[in-house]
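First comes the structure, then the notes that go with it.
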2 protein chains.
Amino acid sequence: MNYKEAKDKFIQTWGSLGTLWGINKAMAQIHALLFISPEPLSMEDVMEELHISRGNTSMNLRQLIDWGIVYKTSKVGERKEYFTSEKDINELAKQIARERSRREIQPTLKVLKEVSSIEDDGTDKVKEFIKQTKALHELASTADSIMNRVVNQESNWLTKTFMKLLK
Amino acid sequence: MNYKEAKDKFIQTWGSLGTLWGINKAMAQIHALLFISPEPLSMEDVMEELHISRGNTSMNLRQLIDWGIVYKTSKVGERKEYFTSEKDINELAKQIARERSRREIQPTLKVLKEVSSIEDDGTDKVKEFIKQTKALHELASTADSIMNRVVNQESNWLTKTFMKLLK
DNA sequence: TTAAACTTTCAAAACTTATTGAAAGTTTAT
DNA sequence: ATAAACTTTCAATAAGTTTTGAAAGTTTAA
């Protein structure tokens, strides 16, 4: 496999994986492209490499910036803007964890808390409902606090600790 | 909020959350419904509660069974089949982790390994490519091994260990 | 073996989400 | 102030996904 093939395969794979961590294909592909580019790329560069329209590129770049994993840069003497991605994988993982917590887990916890607080009328179905939604709340809450710790500490310490535990 | 409202809100929330852990809305809603039902439900019951068609119900129930989080049961003297979900939240989490590893992480690891093994021709772009895809491989691999441990050990041990670390 | 009860399949339709591209907006150099 | 260079917006459209429902298939009881 040569560089071109490997690059395309990587972009492709990362792109379809994107839908899974909650972002769309173009967004994930743009990220993949920037992630492996030693140099910042312009919007034009991205459009050409991925064969996507100007509008699409613009919108998805903005979203990536919003997620905090792509940065705008500029070159001296050039009016055009250039884009580059977070290259540190730990920083990337942190950022993704942070955003997912904020966008998904927190709102879910809120609903779970709300619905598990209905009054217990003593019937089976209500008792089961309260029990199960409370259990889910606890699970989501534990998962979230683990993630937040990973995010807020030096993640390296935790990774190493994990690895020791898991060896 | 009364039981009916709380139930609908829960099913609704869990349903839209589904897309995020990689399953579709109907599938997630069916799961939610079974998860809070003290009794197994028939296909008819599910159809009525969620207002979805027979075909849709059938297909999604099958998929849930395939994921290992819903079981078929039958009542003596009844021809109809009944369905019930895994009620133990730890078991549910395990099962989901297991499936995600199998369906998503493993195939990704395979691609990452493959593309990061191209020959280094000494150019910047190839060096960057190899470096970054290797780093991603390592990250995904660490995440996967953590998940698998959680899955394969008594998950309680790890949860407790986590919580101690994180306090 | 038949027929009723039930489940699965799958092509077509409905719905949802992503993408385009041209127009509007913004910034910068002169 | 103007115009060129560039970016953003958004309505229309394309692409992709989910859902339906009727027909085909299966199982069970008599």
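Everything quoted here is computed from the prediction, not taken from an experiment. Below, chain A is the first sequence line, B the second, and so on; all start at residue 1.
In this structure, the side chain to side chain donor-acceptor pair (under 3.5 Å) partners of E81(A), at least two apart in sequence or on a different chain, are K72(A). By the ring-ring contact (aromatic ring centres under 6.0 Å, His included) test, Y3(A) is found to be paired with F129(B), residues two or more places apart in sequence or in another chain being considered. Taking D45(A) as the reference, S42(A) meet the side chain to side chain donor-acceptor pair (under 3.5 Å) condition, with sequence neighbours excluded. E91(B) is linked by a salt bridge (Lys or Arg N to Asp or Glu O under 4.0 Å) to K94(B), counting only residues two or more places apart in sequence or in another chain. Under the salt bridge (Lys or Arg N to Asp or Glu O under 4.0 Å) criterion, K7(A) pairs with E49(A), not counting sequence neighbours. S101(B) meets the side-chain contact (heavy atoms from CB on, under 4.5 Å) test with Q106(B), D144(B), M147(B), N148(B); sequence neighbours excluded. By the salt bridge (Lys or Arg N to Asp or Glu O under 4.0 Å) test, K87(B) is found to be paired with E128(A), residues two or more places apart in sequence or in another chain being considered.
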Every protein N/O lying under 3.5 Å from an N/O of nucleotides 3-8 of chain C:
residue : atom : partner : partner atom : Å
dA5(C)  : O4'  : R79(B)  : NH1          : 3.0
dT7(C)  : OP1  : E81(B)  : N            : 3.4
dT8(C)  : OP2  : S58(B)  : OG           : 3.1

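Of the residues in residues 33-40 of chain A, none has a non-hydrogen atom less than 4.0 angstrom from any atom of DNA chain C. Residues of residues 22-31 of chain A having a heavy atom closer than 4.0 Å to DNA chain D: none are found.
Rounding to whole angstrom units, CD1 of residue I52(A) and C1' of dT20(C) are separated by 11 Å.
Phosphate proximity of dA18(C) to N56(A): absent, as no side-chain N or O sits under 4.0 Å from OP1 or OP2.
Legend: side-chain hydrogen bond (donor to acceptor under 3.5 Å, both in side chains) pairs involving residues 62-71 of chain A, not counting sequence neighbours, sorted by first then second residue: Y71(A)-E86(A).
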Give every donor-acceptor pair under 3.5 Å between a side-chain atom in residues 51-58 of chain A and any protein atom, sequence neighbours left out.
residue : atom : partner : partner atom : Å
S53(A)  : OG   : N56(A)  : N            : 3.3
R54(A)  : NH2  : E44(A)  : OE1          : 3.3
R54(A)  : NH2  : E44(A)  : OE2          : 3.2
N56(A)  : OD1  : N60(A)  : ND2          : 2.7
T57(A)  : OG1  : S53(A)  : O            : 2.7

